[in-house]
Amino acid sequence: GYCDRMGARILVLNGPNLNMLGVRQPQVYGENSYTDVIDVCRRAAVARDAEVEVRQTNDEAELIGWIHDVAREKKFTAIVINPAAWTHTSVAVADALVIPEVPIIEVHISNVHAREVFRHHSYVSPIAAGVIAGFGIAGYGYAVDRAVDLS
Ligand SMILES: O=C(O)[C@]1(O)C=C(c2cccc(Sc3ccccc3)c2)[C@@H](O)[C@H](O)C1
């Protein structure tokens with residue numbers, strides 16, 4: 001098995017409307033709630049003896065502020081992000097995510113490539129180490145696990 005990566009601290013960031021997970025469009029995003037997302041992330045971190053912090057915001061400025069803090073403080077060794085709608089709209093979020101020595105892993109609950117055309121482009125993917133999409137909230141667990149390896 002993988003050794004514990006010394007001091008892996010993963011920040012998981014979630015964009016707009018993800019707090020509403022499970023409440024609407026369960027056919028697309030599944031029945032899981034946002035608290036289930038937190039649970040998946042925590043379990044994955046425990047399995048790798050890593051630390052994880054999970055946040056969600058509907059305010060783009062707040063998200064960018066959190067990302068700046070990572071760049072400034074180097075408190076986290078990797079970022080897992082589900083930018084939700086900002087995936088497809090925000091150059092600002094993608095620009096902020098370019099942080100030396102902090103790998104970015106992009107996660108989508110749904111398979112964005114099997115959905116509306118506007119969801120097929122991501123501003124984040126070009127600056128991400130990798131992208132996980134279409135595996136429901138399990139994708140967060142895969143992402144946290146890989147984030148530890150990249151830490
Ligand atoms: O599949 C995803 O995880 C995704 O990142 C997530 C999204 C997402 C996230 C949360 C909610 C919604 S739609 C919605 C809005 C309000 C209430 C319930 C669902 C879409 C989409 O904007 C993205 O295109 C795809």
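On a predicted model such as this, the values are computed, not experimentally measured, just so you know. Positions are given from 1, in the same order as the sequence printed here. When a ligand or atom number is given, it counts from 1 through the structure's own listing order.
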S.K.: Which heavy atom of the protein is the closest neighbour of atom 2 (C) of ligand 1, given with residue, atom name and distance?
M.R.: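 Heavy-atom neighbour on the protein nearest atom 2 (C) of ligand 1: I109 N, 3.3 Å.
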S.K.: May I ask you to decide if L13's main-chain N or O and R55's side chain share a donor-acceptor pair within less than 3.5 Å?
M.R.: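 No: the side chain of R55 does not pair with the backbone of L13.
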S.K.: With atom 10 (C) of ligand 1 as the reference point, say which of I81, N14, N17 has the nearest heavy atom.
M.R.: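 It is N17 whose heavy atom sits nearest to atom 10 (C) of ligand 1.
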S.K.: Identify the protein heavy atom lying closest to atom 25 (C) of ligand 1, giving its residue, its atom name and the separation to 0.1 Å.
M.R.: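 Looking at atom 25 (C) of ligand 1, the protein heavy atom closest to it is V112 CG1, 3.7 Å.
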S.K.: Judged by atom type as modelled, is there a donor-acceptor pair below 3.5 Å linking the side chain of S33 to the main-chain atoms of L21?
M.R.: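 Pair absent, no side-chain N/O of S33 close to backbone of L21.
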S.K.: Report the nearest protein non-hydrogen atom to atom 14 (C) of ligand 1: residue, atom name, distance rounded to 0.1 Å.
M.R.: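 Atom 14 (C) of ligand 1 sits closest to the protein heavy atom Q25 OE1, 3.6 Å.
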S.K.: When you measure from the side chain of H120 to the backbone N and O of R115, does any donor-acceptor pair fall under 3.5 Å?
M.R.: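 Here the side-chain-to-backbone pair exists.
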S.K.: To check you understand the geometry: which heavy-atom pair defines the closest contact between A61 and D59, and what is its length?
M.R.: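 For A61 and D59, the tightest heavy-atom pair comes out as N-OD1, 2.8 Å.
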S.K.: Does R146 pair with D149 as a salt bridge, N-O distance under 4.0 Å?
M.R.: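 Judged by the 4.0 Å cut-off on N to carboxylate O distance, R146 and D149 do form a salt bridge.
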S.K.: What about R24: any of its N or O atoms under 3.5 Å from an N or O on ligand 1?
M.R.: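 It does not: no N or O of R24 is found under 3.5 Å from an N or O of ligand 1.
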S.K.: Whether the side chain of S125 engages the backbone of S122 through a donor-acceptor N/O pair (distance < 3.5 Å, no angle test) should be reported.
M.R.: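 Judged by distance alone, no pair lies under 3.5 Å.
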S.K.: Any heavy atom of P16 sitting closer than 4.0 Å to ligand 1?
M.R.: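 Flag set, P16 near ligand 1.
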S.K.: Between A85, P26, G139, which one has a non-hydrogen atom sitting closest to atom 22 (O) of ligand 1?
M.R.: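 Closest candidate by heavy-atom distance is A85.
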S.K.: For ligand 1 and Y29, I'd like to know whether there is a polar contact (N/O to N/O, distance under 3.5 Å).
M.R.: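 Between Y29 and ligand 1, no N or O pair is found under 3.5 Å apart.
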S.K.: Going by heavy atoms, is L18 under 4.0 Å from ligand 1?
M.R.: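 Yes, L18 has a heavy atom closer than 4.0 Å to ligand 1.
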S.K.: Checking a contact table here: which protein heavy atom is nearest atom 1 (O) of ligand 1, and how many Å away?
M.R.: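 That would be S110 OG, 2.6 Å.
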S.K.: Quick check against the 3.5 Å criterion: does Q56 have a side-chain atom that pairs as donor or acceptor with the backbone of G15?
M.R.: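 Yes, because the side chain of Q56 sits within donor-acceptor range (under 3.5 Å) of the backbone of G15.
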S.K.: Any idea which of H108, R119, Q56, E116 brings a heavy atom closest to atom 21 (C) of ligand 1?
M.R.: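 Heavy atom nearest to atom 21 (C) of ligand 1 belongs to R119.
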S.K.: Between V28 and ligand 1, which part of the residue brings a heavy atom under 4.0 Å of the ligand: side chain, backbone, both or neither?
M.R.: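 Answer for V28: neither.
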S.K.: What I'd like to find out is whether the side chain of V112 reaches to under 4.5 Å of the side chain of T87, using heavy atoms alone.
M.R.: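 They are not in contact (no side-chain heavy atoms under 4.5 Å apart), so the answer is no.
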S.K.: Nearest 0.5 Å, please: how far is CD in E62 from CD1 in I67?
M.R.: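 If we round to the nearest 0.5 Å, I67:CD1 and E62:CD are 11.0 Å apart.
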S.K.: When only distance counts, is R115 in polar contact with ligand 1, meaning an N/O pair under 3.5 Å?
M.R.: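 Checking ligand 1 against R115, no N or O pair falls under 3.5 Å apart.
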S.K.: Short N/O distance, under 3.5 Å, between H88 and ligand 1?
M.R.: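 H88 vs ligand 1: N/O contact under 3.5 Å present.
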